[in-house]
Amino acid sequence: MTDKLAVIILDALDDFNTKQLDMGYVDSLIREENSEVLGVSSLPYTAQSNPLIWGGYENKDKFWVKPGTDKWSFPAGAFNRDKGQAAENAERTWKREDFDTKFIWDDLVHRGVDASALHIPIVLPPYSFNPAEGFEMGDHWFPHSKEQIETHAEEMPKEILRHAEQGKSFIATSIQIPDKPLHAIGEGNANDSDAARICSEFDENMEDLIDGLENN
């Protein structure tokens, strides 16, 4: 029994993707008897599912970016990834303060628990709360290009483990694997072999991360 917990979302995780993308270790965790890996099928859109998972907040309108038009548009497309801000055709980006709710890390800190949230995409850029010193989000934290996705897959597990080693009692985080490699294929930023390689290397990083978390 432990009084420390890390809750890690792997975006778009399912057993089809783990097989397709050569994520054997993660797949074994899913199939392990009494597994601590949960398959959560919530709303299919990140800006809706994350506020619900982390805070029980039913987000019906704060979809990252508010377009500057009444016509429907893809919210992530109105976000300039390079500048980390709303694109010119958008009215504003939503902020954490626009969510009139407490998230789980707020309640835990109120109760005296050293809790952190790392890279939670309830807003863009992703939201972090009470991170350890030295935590910085570069352009790879909500990755788009193949190079950004590669860095994200390598650095996120390292950063989570660093927080655990520094004594954090609760870590909430979201990793954009295997979601972003799949998007990269569809958007022409990577091919199937690129995605499989990135996810396979990430799978090894996850094994190191789980070992490190268990040791801490």
Side-chain angles (χ1 to χ4, degrees), residues 6-32 35-54 59 63-64 74-77 79 81 117-128 137-164 171-214:
V7 182
I8 303 168
I9 289 179
L10 299 185
D11 198 350
L13 180 69
D14 64 30
D15 54 4
F16 176 80
N17 288 336
T18 57
K19 289 181 173 59
Q20 179 187 28
L21 297 169
D22 195 21
M23 298 173 66
Y25 173 71
V26 172
D27 188 69
S28 72
L29 293 180
I30 296 173
R31 301 179 183 285
E32 187 178 88
S35 172
E36 294 180 347
V37 177
L38 307 178
V40 179
S41 178
S42 64
L43 298 170
Y45 189 49
T46 303
Q48 286 183 304
S49 62
N50 271 266
L52 186 63
I53 290 168
W54 299 110
N59 183 23
F63 292 179
W64 290 333
F74 177 50
F79 183 80
R81 297 171 190 259
L118 308 177
H119 172 63
I120 307 291
I122 57 174
V123 293
L124 291 181
Y127 176 71
S128 294
M137 294 193 300
D139 61 2
H140 61 278
W141 294 103
F142 197 73
H144 175 63
S145 69
K146 182 175 68 173
E147 292 74 19
Q148 290 171 345
I149 297 169
E150 289 173 334
T151 305
H152 179 88
E154 180 179 355
E155 293 299 322
M156 279 299 297
K158 290 180 181 178
E159 194 60 51
I160 296 166
L161 182 56
R162 185 174 75 88
H163 277 70
I171 302 169
T173 189
S174 178
I175 302 178
Q176 305 303 304
I177 305 290
D179 183 67
K180 292 304 181 187
L182 293 171
H183 276 289
I185 294 173
E187 295 167 3
N189 295 323
N191 57 37
D192 290 2
S193 60
D194 291 327
R197 175 183 54 78
I198 292 170
C199 288
S200 177
E201 292 173 356
F202 170 76
D203 192 63
E204 296 178 8
N205 296 336
M206 276 299 294
E207 186 168 7
D208 292 339
L209 171 60
I210 298 301
D211 287 343
L213 289 173
E214 290 177 344

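All residue numbers refer to positions in the sequence shown, counting from 1.
Minimum interatomic distance between Met23 and Pro178 (heavy atoms only, all atoms of both residues): SD-CB, 4.2 Å. Between Tyr25 and Glu207, the shortest heavy-atom contact is CE2-CA, 3.3 Å.
To the nearest 0.5 Å, atoms CG (Asp27) and CG (Asp14) are separated by 10.0 Å. To the nearest 0.5 Å, atoms CD1 (Ile198) and CD1 (Ile149) are separated by 5.5 Å. Taking CD from Glu155 and CG from Asn205, the interatomic distance works out to 9.0 Å, rounded to the nearest 0.5 Å. Here the CG-CE distance, from Asp208 to Met206, works out to 10.5 Å after rounding to the nearest 0.5 Å. Rounded to the nearest 0.5 Å, atoms CD1 (Ile175) and CG (Asp11) are 10.5 Å apart. Considering CD1 of Ile53 and CD1 of Ile122, their distance stands at 11.5 Å, rounded to 0.5 Å.
The closest side-chain heavy-atom distance from Asp194 to Pro181 is not below 4.5 Å. Within the 4.5 Å cutoff, the side chain of Asn189 has no heavy atoms near those of the Ser145 side chain. Using a 4.5 Å cut-off on side-chain heavy atoms (C-beta onward), Ile120 and Asn50 make contact. Within the 4.5 Å cutoff, no side-chain heavy atoms of Asp179 are placed close to those of Asn17. Looking at Leu21 and Phe202, their side chains never come closer than 4.5 Å, going by heavy atoms from C-beta outward. In this structure, Ile8 and Met156 have side chains that are not in contact, with every pair of non-hydrogen atoms separated by 4.5 Å or more.
The closest donor-acceptor contact from the side chain of Asn59 to the backbone of Ala47 lies under 3.5 Å. The closest donor-acceptor contact from the side chain of Trp64 to the backbone of Pro121 lies under 3.5 Å. At distances below 3.5 Å, at least one donor-acceptor pair connects side-chain atoms of Gln148 with backbone N or O atoms of His144. In terms of modelled atom types and a separation under 3.5 Å, the side chain of Thr18 and the main chain of Val26 share no donor-acceptor contact.
Taking the centre of each ring, Trp54 and Tyr127 stay at or above the 6.0 Å mark.
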Q) Going through the checks in order, is the side chain to side chain contact (heavy atoms under 4.5 Å, CB included) test met by Phe63 and Gln48? A) CA-CA 7 Å; Phe63 292 179; Gln48 286 183 304; 3.5 Å; yes
Q: Assess whether side chain to side chain contact (heavy atoms under 4.5 Å, CB included) is satisfied between Leu182 and Gln20, documenting all intermediate values.
A: CA-CA 10 Å; Leu182 293 171; Gln20 179 187 28; 4.2 Å; yes
Q: List the steps and the verdict of side chain to side chain contact (heavy atoms under 4.5 Å, CB included) for Cys199 and Asp22.
A: CA-CA 7 Å; Cys199 288; Asp22 195 21; over 6 Å; no
Q: Walk me through it: do Glu201 and Glu204 pass the test side chain to side chain contact (heavy atoms under 4.5 Å, CB included)?
A: CA-CA 5 Å; Glu201 292 173 356; Glu204 296 178 8; 5.6 Å; no
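Screening His152, His163, His140 for a ring pair (Phe, Tyr, Trp, His ring centres under 6.0 Å) involving His119 leaves a single residue, His152.
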